[in-house]
Amino acid sequence: MSSSLSIRLADPDASAYIPLPELSARLGIPLYDPGEPCDFLLFYQQGSLCLRQMSDTTVGAVRVDFDNEALYYRQRRQTQPEALLKAAGIKNGQGIHAVDATAGLGLDAFLLASAGCQVTLFERSPILHALLEDGLRRALQSAEERVRDAAMRMHLVQADSVDAIASVTPAPELIYLDPMFPERRKSAKVKKHMLLLQQLLHGQGGDRETELLAVALASAHKRVVVKRPRLAEPLAGRRPSHQLEGKSSRFDVYVVPASTP
Ligand SMILES: C[S@@+](CC[C@H](N)C(=O)[O-])C[C@H]1O[C@@H](n2cnc3c(N)ncnc32)[C@H](O)[C@@H]1O
């Protein structure tokens with residue numbers, strides 16, 4: 001996290017799941033002081049942990065919500081999630097262990113888990129990890145069985161994937177990478193959320209992309225899938241085995257050769 005960003009913690013409607021002093025100590029984020037302006041506010045609202053950028057009120061608060069209609073629609077429609085699952089080579093994910101090495105808000109990981117995969121999510125930002133943890137807690141209590149089932153297949157770890165992937169045993173069939181890419185200012189809500197994340201995470205030292213791809217290729221059993229903007233160069237300049245293009249993004253697929261016994 002950039003040291004120039006100030007983040008404060010608040011609970012305007014006293015709905016904190018984790019007591020604020022405990023969360024404050026865990027994340028190293030001071031409690032909100034109305035006399036002191038801040039760049040980001042992390043707060044509980046109606047029992048959900050939310051993040052808001054104080055300088056841009058058009059974006060709205062970000063929270064991890066696996067139990068929403070838009071995500072359910074994404075799960076069923078024929079384009080983006082299909083492209084991710086197609087790139088991942090997954091029809092029925094049962095028995096497949098996937099690693100999402102750049103978990104973010106967990107949307108892609110949820111799509112993989114909804115397809116039946118067991119998914120280990122690595123997220124190195126303590127704030128994103130706290131949002132994800134909170135979203136998973138609520139998903140496990142969802143009234144929808146499909147949401148609870150998917151959440152039960154998701155295992156969240158706070159770690160830098162470059163250091164953590166090699167310790168995953170047995171080796172995952174699939175490793176998925178979606179490193180942060182400079183977003184162009186667009187109106188779609190999801191883009192605005194990504195822009196907010198980009199500003200929050202700016203200066204945290206880059207995504208170690210070259211190392212990330214190298215360690216993923218060395219660790220995945222079958223394939224590595226990298227999400228890229230449609231016109232971007234392949235990650236670390238490394239040519240994929242093949243590509244799948246969507247409307248605004250592209251999936252670069254690296255098929256890992258079977259190791260000889
Ligand atoms: C573009 S977002 C991923 C969005 C995600 N695919 C989703 O569906 O919400 C990238 C995330 O990867 C995380 N990240 C980047 N490099 C990482 C690394 N080396 N290890 C763990 N997390 C990393 C960032 O903190 C950020 O939250």
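Numbers here simply count residues along the sequence, with the first being 1. Read the numbers this way: they start at 1 and go in the same order the structure lists the ligands and their atoms.
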Backbone or side-chain N or O of [X] under 3.5 Å from ligand 1 N or O:
| X | value |
| --- | --- |
| P179 | no |
| Y176 | no |
| D160 | yes |
| D100 | no |
| L201 | no |

Under 3.5 Å, side chain of [X] to main-chain N/O of [Y], donor-acceptor pair present?
| X | Y | value |
| --- | --- | --- |
| D252 | P240 | no |
| D67 | A139 | no |
| R148 | S142 | yes |

Per-atom contacts of ligand 1 with [X], taking only distances under 4.0 Å to non-hydrogen atoms:
| X | answer |
| --- | --- |
| L105 | 7 (C), 9 (O) |
| G106 | 7 (C), 9 (O) |
| L107 | 7 (C), 8 (O), 9 (O) |
| A159 | 20 (N), 21 (C) |

Exercise. Taking L49 as the fixed residue, which of L132, V64, V62, L23 is the one that meets the side-chain contact (heavy atoms from CB on, under 4.5 Å) rule?
Worked result: L23
May I ask whether [X] has any heavy atom positioned less than 4.0 angstrom from an atom of ligand 1?
| X | answer |
| --- | --- |
| A109 | no |
| M194 | yes |
| A164 | no |
| E123 | yes |
| L197 | no |

Answer with side chain, backbone, both or neither: which part of [X] has a heavy atom less than 4.0 angstrom from an atom of ligand 1?
| X | value |
| --- | --- |
| K227 | neither |
| R208 | neither |
| L128 | side chain |

Problem set entry | Pair listing, side chain to side chain donor-acceptor pair (under 3.5 Å) test, anchored in residues 231-241, at least two apart | none
For this session: Classify the ring geometry between F66 and F110 as parallel (under 30°), tilted (30 to 60°) or perpendicular (over 60°).
Result: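 Plane angle under 30°, so parallel.
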Problem set entry | CD/Q94: more than 12 non-hydrogen atoms of other groups inside 6.0 Å |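 No, CD of Q94 has 12 or fewer neighbouring heavy atoms, counting only those of other groups under 6.0 Å.
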Exercise. Of the options H97, R153, H155, which is the one that meets T120 in a side-chain hydrogen bond (donor to acceptor under 3.5 Å, both in side chains)?
Worked result: H97
For this session: Going by the salt bridge (Lys or Arg N to Asp or Glu O under 4.0 Å) test, name the single residue among R63, R26, R138 that passes it with E133.
Result: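 Single salt bridge (Lys or Arg N to Asp or Glu O under 4.0 Å) partner of E133 among R63, R26, R138: R26.
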Side chains of residues 14-22: which donor-acceptor partners sit under 3.5 Å, not counting sequence neighbours?
residue: S15; atom: OG; partner: D13; partner atom: OD1; Å: 2.8
residue: S15; atom: OG; partner: G47; partner atom: N; Å: 3.0

Problem set entry | CG-CG distance between L105 and L131, expressed to the nearest 0.5 angstrom |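 If I round to the nearest 0.5 Å, the distance is 7.0 Å.
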